[in-house]
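Some notes on the structure that comes next.
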Amino acid sequence: MTDVCLRRPLQRPSDAAIALTGVGKTFLPSGSEVVALTDIDLTVGDGEFVAIVGSSGCGKSTLLRLIAGLMPVSTGRVEVKGHRVSGPDPGVGIVFQTPVLLPWRTVRRNIELQLDVRRLGRSQHGKEVDRLIALTGLAGFENSMPYELSGGMQQRVALCRALIHNPDLLLMDEPFGALDALTREQMNAELQRIWMETRKTVVFITHSIMEAAFLADRVVVMTPRPGKIREIVPIDLPRPRTFETFRNPVFHEACDRIRSLMSASGLME
Amino acid sequence: MTDVCLRRPLQRPSDAAIALTGVGKTFLPSGSEVVALTDIDLTVGDGEFVAIVGSSGCGKSTLLRLIAGLMPVSTGRVEVKGHRVSGPDPGVGIVFQTPVLLPWRTVRRNIELQLDVRRLGRSQHGKEVDRLIALTGLAGFENSMPYELSGGMQQRVALCRALIHNPDLLLMDEPFGALDALTREQMNAELQRIWMETRKTVVFITHSIMEAAFLADRVVVMTPRPGKIREIVPIDLPRPRTFETFRNPVFHEACDRIRSLMSASGLME
Amino acid sequence: MRNAIYPALTAVILVGAWYLAVLFFEVPRYLLPLPGEVVTRLIEDRDFLLRHGWVTTYETLGGFALSIVIGIPLALLIVSSSTIDRALMPWIVLSQTFPKIALAPLIVVWFGLGLVPKLIVTFLVAFFPILISTIVGLRSMERDMDELRLSMRASVWQTFWYFRLPLALPSLFAGLKVSVAFAAVGAVIAEWVGANEGLGYLLLTANANLDTPLLFAVLVLLMVLGMVLYHAIEMLERLLIPWHATIRLKTGQPSF
Amino acid sequence: MRNAIYPALTAVILVGAWYLAVLFFEVPRYLLPLPGEVVTRLIEDRDFLLRHGWVTTYETLGGFALSIVIGIPLALLIVSSSTIDRALMPWIVLSQTFPKIALAPLIVVWFGLGLVPKLIVTFLVAFFPILISTIVGLRSMERDMDELRLSMRASVWQTFWYFRLPLALPSLFAGLKVSVAFAAVGAVIAEWVGANEGLGYLLLTANANLDTPLLFAVLVLLMVLGMVLYHAIEMLERLLIPWHATIRLKTGQPSF
Amino acid sequence: QTKLNFRLDWTIYGSHAPFYLALESGLYEKAGLDVSISEGQGSATVTKLVAQGGDQAGFIDFGSMVRGVEQGMPLIGVMRVISGVMCVISHEDVAIRTPQELDGKVVAYAPSESTGQIMPALLAANGVDPAKVSVLTPATGAKNAVFLQRRADAIPANTNVQIAQLEAQGAKVSYFKYSDFGVDIMNNGIVFNADYAKANPEVVRGFVAATQTAFEMARKDPKSALDALVKRLPQQERNRTILARQLELTFDALETKATHGKPLGHMEASDWESMQALLVKYTGLPRAVPVETLYTNEYLPK
Ligand SMILES: Nc1ncnc2c1ncn2[C@@H]1O[C@H](COP(=O)(O)OP(=O)(O)OP(=O)(O)O)[C@@H](O)[C@H]1O
Ligand SMILES: Nc1ncnc2c1ncn2[C@@H]1O[C@H](COP(=O)(O)OP(=O)(O)OP(=O)(O)O)[C@@H](O)[C@H]1O
Ligand SMILES: [Mg+2]
Ligand SMILES: [Mg+2]
C-alpha cells in the first residue's frame, strides 16, 4: 500500500470533519462545580486520525461526548461536518469507555442492534457481522449472553457494534483498554487497515502513548483539570505503520515528546 | 530500603498462601459448554507477588474468582491459607475488573462500605481513607457520586475500597486498566511500596507485560481457551524496583520471554 | 412438574388447617363450612358455577387486557414528557383513591349493565399497578444506555422497543402480577355494581341467602381463577426475561 | 411550589368539567350534584366530616404501616430462600384473588368490630403491591454487586441493608405508591365490614339515603386523603433516592 | 343495669326512631337495661353477629332469621315489628297499581334484596308469568337512580324506606303493597340470641316491653321520636323530613292480617308457616323448620 498520510493545512474549519472553537464544559453536580474542559480549540480534518491522551479525569470522555452530540457545551461551539452539533450525527460510530451491551441480547444481536435501530437490513449485513465477529476473535460466542463474556470480549462486541454500519466518523473511548497486549496490537493493525481502506475520520482516546503514536496522524495531549489542550503532536510517519515502525526513531521521539508533555503537566493535579 | 525479594522454594502447598491443584472450571451457559480453565496447578507463597497475563478471555478473571471463593471449581481443589476454599477469606481484598461502585454512595462512602460491612469503625479509619483518597488523586471528589466520575476515577475508588481494610491477600483484576500511562506508573510504585511494607500476598491480573514484570516475583502466562498455565516466568530483579529497572536487561529479557510465550500460544484461539 | 408440588402442598395444608379449625375451634358451619361441604357444592353445582365463573373469567381477562393496552402506552407517555406526567398523574392517582362501587349509580346510568361497565371497573381496579411499575421500569435507563441509544439516533418508538421496554420488563411483570391478582377482584366489584350473572353476583346472592357453602365455593373458584392467571403471568415472565437477574438468581447458578 | 401548579390545575379542570357536565347534559342532581352543593356540604358538615375522615385516616395509615412492616421483611424472606418462596407465594397470591368484603362476617366474628379488623383488611388490600415490588427490587442485584458483597463477607442482614434495600428502593417506591393509593380504599372496605364511624360508614349512609352531596363530599375527602398520602410518598422518594436514574432523569439534566 | 347491645338492620331510616325514643325517654333504663344501639350492614350480616353473641339482639328481617335458624344459628324471634311493607313503586304518571300491570314491564332490584326475590311469588299469586317481567340488577345504591332515570318502570321496595327517599328527590310515585295482593309476610322484628334469651328472660321481657311502649308513644307523637333520634345522631337532622315520612309509613305496617287487632309484637304460627313456604318455593331456602324454633310470644307483656 502507498503512503496515505493525510495531514493537510486546515485553516478553514468548514473544511474540517470536526471543529471545536472555545469549547468549555462545566458540570454542576450536587457539590461544587467541576470545570471539566476549558478553551478547547481543535480541528480534525476529513479522514484524519486523531488520538487524545491525557491523565485520568482530564476530560477526554467529556470531549468525546461533546463531539458526539451527547451533551451540550457550556461555552463555545462544536461543529461536525460543517454543522453545529445539536445531537449525534447519523454517520457516527461510537465505542464507549464501558461496553454498554444490552443484557437481553446475544453477542450477535447486540451487534445487530446498530442495524436494527438504523433500519439497515439485518440480512444484508449478515456477512459483515460474521466478518467482524471473526476479526475480533468472538467466533463461537455469537449466541452467548453478555454476562457470559469476559471483560475484553465485551469490549470487542462494543467495537463490532460501532463498526457494523460503516460510519464515516468513528469516536472511540479507550476501545482496547481491556485487551491484552497482543490482541491489542492485532486490533491496532486492523483498525489502521479499516481506516486506510475507508478513510474514516477517527477520534481515538487511549491511555497507551505508543498506541496513540502508532495509530494517529496527530496526538492531542491534554492537561489535567481543568482540561485544556497542552499541545498537539504530529506523528510524521509513513503508512501503513507496521511493527517496523516501533524501531523508527521518529516514533520514539514522538512518544518521548508526548510522555514529557504529560509529565510536565503533572501526574495528577 | 533493602532487597526484600521473597522467592522461596514452595514444595509443601500447606506453606503456601494459595494452592491450586488440578483446578478446572467449565461453564454451562444456555448454549454449548465453555471450558474456561483446565489443569491449573499453582502455588502462591505467603507474601508473594504473582502476576497473571494471558489473552483476553483466557480465564484470568475466572481463576481469580475461584481463588476468591466467589464460585466453586468444577474439578480440582483450591486452598487459601491451608483451608479448602468455600467462600471468600476474611483477609481478602479484591479489585474487580469493573469498578462496581454503589451508585447511591459518594466516593468516600463507597470506600467506607468495606469498613461498614466488616464492622471496622469508620472513625478510626478516617485518616486512612483520607490518605488513600489523596494517594489515588481523588482529593476534592470525596463527595461526588459515582456517575460524576470518569472511568479511571471510578477504578481508583475501587482500588481504595480494596485496600482500606488492610487485607493480607490482595486479588486484583486489571486494577490500573483505565488509567493513563503516568498515573499507572505512579500507582505501580505505590502498590510496590505498600506490598513491601505490609508483605501482602498479591495476585495481580494485567494486560501490560511490562507492568507484570515490573511488579511481580513470578509472572504466570496463560494459554487461551481452554485456559491453562503455559509457563511461570520468575522475575529475578531486586526490590524496590524503580525506573532504573526499565533499563535492566534482566527486565527486558523477562518481558521478551513473556511476550514470546504469549505469541506462541496464538493470539487468540 | 416440580413447580406444582408447592402449590399443591399449600392447598393440602390449607384444606387441612381449615378442616381442623372447624372441628377444634367449633367454628359454626354457617360461618365456615367444612371443606367437604364446599367440595360437594362445587361438584353438585358445577355447571351452574362454571357458567357464572366463565362470565367473571372473561370480564377479568377483558379488564386485564384493557389495563395492559392502556396502561403501558400511558406509562410511555408519562415517561416521555414531564408536562404530561405532571398533568396526568394527579388524575390517575385520584381515580385510585376511592372505592369504585361508590360510583355505582353513575356507572349504571351512564354505561348500563352490560359488559362495558364491567370492563371499565375492572380496568380501573387493575391498571394502576401496571402503570406505576411500567413507569419505574421505563425510567430505569442509566446514562450509559441512554447515550448508546442517542448515538444510534433511535426514535422515540425505537427507544421504547429496543431499550426501555426490555429494561422495564422485570418491573412491568411485577405490575402485571399485582394487576392480574386484582383483576378478578375488580370483576367481582364490577358485578356488584350491577349484574345478574358472574361470581360476584353469586357472592351477593349467597351472602343474602346466608348460603355459606355457596359463598365458599365461589371464593374457591375466584382463588383458582386468580392463581391460574397469576401463574400464567409468571410463566410468561420466565419465558420473556431469562436474562434478567431476577430470574437468573431464582433458577440458581451454583454457588457456595 | 411549582409542583403544586399541575395538581391545582387538574382540580380546576375537574371541577369545571363537572360543572359543565351537570349543566349541559342535565345530569340529575341525585346522580351528580353541582360542585357548589358538595362544597357547601363540605363546609357545613366540616366537623362531622373531619371526625369521620380522621378515623379513616388513621385506619389507612395503620394498615399502610402494617403493610410496610410486614411486606418488606416478607419480601426479604421470600428472596432469601426459594423454598420459602415456593411455599409462601401461593398463599399470598391466594389472599389477593378474592374480595375481602366477602369474608366480612368471618372477620367481624373473629376480630370484632374494633380497630383490629380494619387494620387487617386494609393490610390485606395494601400489602401485595409492596411485597411484589420489593421482591423484584431485592432480586435485581447483578452478578458484579453480588460478588462484591460476597467478597466483603456481608451477612444476610448487611446484604439487605447495604446492597439489596438501596437497590430495591426505586421498585419498592413503586409498590408503596400503588399501596398507599389502595390503602384508603382498603380502609373504606374495612368499614363496610362493620363500623359506626369513618368515611366508609358515611358512604354507606349516604348511599342508603340517596344523599348524593354527602356521597360526593366523602369521595372528595377520600381523594384528598389519597392524594396527600401519594404525594408524601413521592416526596420521600425524592429525598431517599436522588441518585437513581428514575429521579435523575425526572429532575432533568440539560440535554439537547 | 344490664348491658345490652342492640344492632339495627341497616344504617338509619325512619322506622328506627322509636328505639331511640325508648333510649332517650329512659324506657330501657327503667327496665334495668343499659342499651347501646348500633347501625348494621344488612340483615344477613346482623343475623351472624347476633348468632355469635357479640350483639345480643338485633332488628332483623325475619326472612334472614329463618335462613339463619335453618343453618343452625341460635336465634329466636321475640317481637314482630314491621309487616307487609313490601311494595312495588312506579312513577305516578305511568302508575302501576296491580301486579297484572307489571306484565311486559322492566323492574330493577339488587340480587340480594328479599323484596325482589319474593316478587315472583306476587306475580304467581296474581297469574302473571314472571318471564314477562324483565329485571335489571343494579347495585342496591343504584336501584333508585335507575328508577328515577326511568330505565326501569318499577322497583320492588319497602314502603317504609324508599318511598320517602324517592319523594325527597322530587319524584311523584305510586305504589301498591304485596299484602294487598295475597303476599302478606312479616318483615322486621326483634331477634335475640336464643341462648342469651333463655339465660336472661327478664332482659328480653324488659326490652320488648319498653320497645312496645316506645312504638306506642312514637305513634302518638312522631316528632318526639325523631327528636330523640336526632339528639343521638345530630347529623340526621338534615334528613328529618325523609325520616318523618318513613316513620309515618311505618305505622301503616305494624300488623299482618293474622295479627290484626293483636298487640304489637304478637306473632302467629300461620304467618311463619306461610313465610317459610314462600322462602322455600322462591328463594332457595332448603327446608322449612318447625315454627316453635323460630319464635315465641312468651316474652311479650301479658
Ligand atoms: N456527569 C458528570 N457530572 C459531574 N461531573 C462529571 C460528569 N462527567 C464527568 N465529570 C467530571 O469531569 C471530569 C472529566 O471527566 P471525563 O470522564 O471526561 O475524564 P476522562 O478524561 O475520560 O478520564 P478517564 O481517563 O479516567 O476516563 C472529571 O473530573 C469528572 O469528575
Ligand atoms: N458466567 C459465565 N458463564 C458462561 N461463561 C463464562 C462465564 N464467565 C466467564 N465465562 C467464559 O469463560 C471464559 C474466560 O472468561 P474470563 O472472564 O475468565 O476471561 P479473562 O481472562 O478474564 O478475559 P479478559 O481479559 O477479557 O477479562 C470466557 O470464554 C467466557 O466466555
Ligand atoms: Mg474517560
Ligand atoms: Mg477478565
Side-chain angles (χ1 to χ4, degrees), chain B residues 27 29 61-62 64-72 80 85-107 109-120 122 143-149 154 157-158 161-162 164-165 167 169-173, chain D residues 72 76 80-82 133-134 136-176 234-255:
Chain B
F27 291 103
S61 300
T62 305
L64 206 79
R65 284 200 178 94
L66 295 179
I67 297 172
L70 295 174
M71 40 168 69
V80 169
V85 165
S86 65
D89 188 85
V92 80
I94 308 183
V95 183
F96 294 94
Q97 197 165 1
T98 47
V100 206
L101 304 180
L102 305 190
W104 55 89
R105 285 185 165 226
T106 62
V107 166
R109 301 278 295 117
N110 257 294
I111 298 171
E112 286 172 351
L113 178 70
Q114 187 81 263
L115 301 174
D116 290 349
V117 173
R118 291 178 191 268
R119 301 180 193 289
L120 304 169
R122 217 188 276 163
N143 297 319
S144 297
M145 300 308 273
Y147 74 94
E148 295 169 346
L149 302 181
Q154 293 182 10
V157 177
R161 189 183 54 200
I164 186 63
H165 60 304
L169 175 55
L170 208 47
L171 305 177
M172 308 173 94
D173 198 346
Chain D
I72 296 179
L76 189 60
S80 64
S81 145
S82 81
S133 298
T134 309
V136 169
L138 291 178
R139 281 208 179 115
S140 69
M141 193 151 91
E142 289 289 337
R143 195 181 65 167
D144 286 1
M145 211 172 271
D146 196 48
E147 288 187 345
L148 177 66
R149 66 116 196 143
L150 265 175
S151 81
M152 292 181 168
R153 299 167 59 90
S155 66
V156 171
W157 168 248
Q158 287 177 325
T159 303
F160 170 70
W161 186 249
Y162 290 121
F163 298 85
R164 287 193 190 278
L165 182 64
L167 261 182
L169 281 182
S171 183
L172 195 155
F173 267 98
L176 288 181
E234 224 181 23
M235 268 170 60
L236 196 68
E237 182 183 25
R238 240 164 248 277
L239 218 75
L240 278 181
I241 45 173
W243 51 268
H244 187 258
T246 314
I247 303 292
R248 276 214 308 283
L249 290 180
K250 252 182 122 174
T251 53
Q253 312 161 295
S255 80

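To find a chain, count down the sequence lines: A is the first, B the second, and so on, and within it residues start at 1.
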Subject >> Interatomic spacing from CE in B:Met71 to CZ in D:Arg143 - rounded to 0.5 Å >> reply: 5.5 Å
**OP:** Would you name the heavy atoms of D:Ser151 and B:Ile94 that are closest together and state the gap between them?
**Re:** CB-CD1, 3.5 Å
Original post:
Quick one: what part of B:Leu171 sits under 4.5 Å from any heavy atom of chain D, side chain, backbone, both or neither?
Top reply: neither
Original post:
Are D:Gln158 and B:Arg118 close enough that some pair of their side-chain heavy atoms sits under 4.5 Å apart?
Top reply: no
Original post:
Knowing that exactly one of B:Leu70, B:Val117, B:Leu113 qualifies, which makes a side-chain contact (heavy atoms from CB on, under 4.5 Å) with D:Leu148?
Top reply: B:Leu113
Original post:
Is there a side-chain contact between D:Leu169 and B:Trp104 (heavy atoms, below 4.5 Å)?
Top reply: no
Subject >> Heavy-atom pair with the smallest gap, counting every atom of B:Pro103 and D:Met145 >> reply: CD-CE, 4.2 Å
Original post:
What's the spacing between D:Arg149 CZ and B:Leu102 CG if we round to 0.5 Å?
Top reply: 13.0 Å
**OP:** Check whether B:Pro90 gets within reach of chain D through its side chain, its backbone, both or neither, counting any heavy atom under 4.5 Å.
**Re:** both
**OP:** Heavy-atom distances under 4.5 Å only: say whether B:Asp116 touches chain D with side chain, backbone, both or neither.
**Re:** both
Subject >> Distance (rounded to the nearest 0.5 Å) between D:Tyr162 OH and B:Gln114 CD >> reply: 12.0 Å
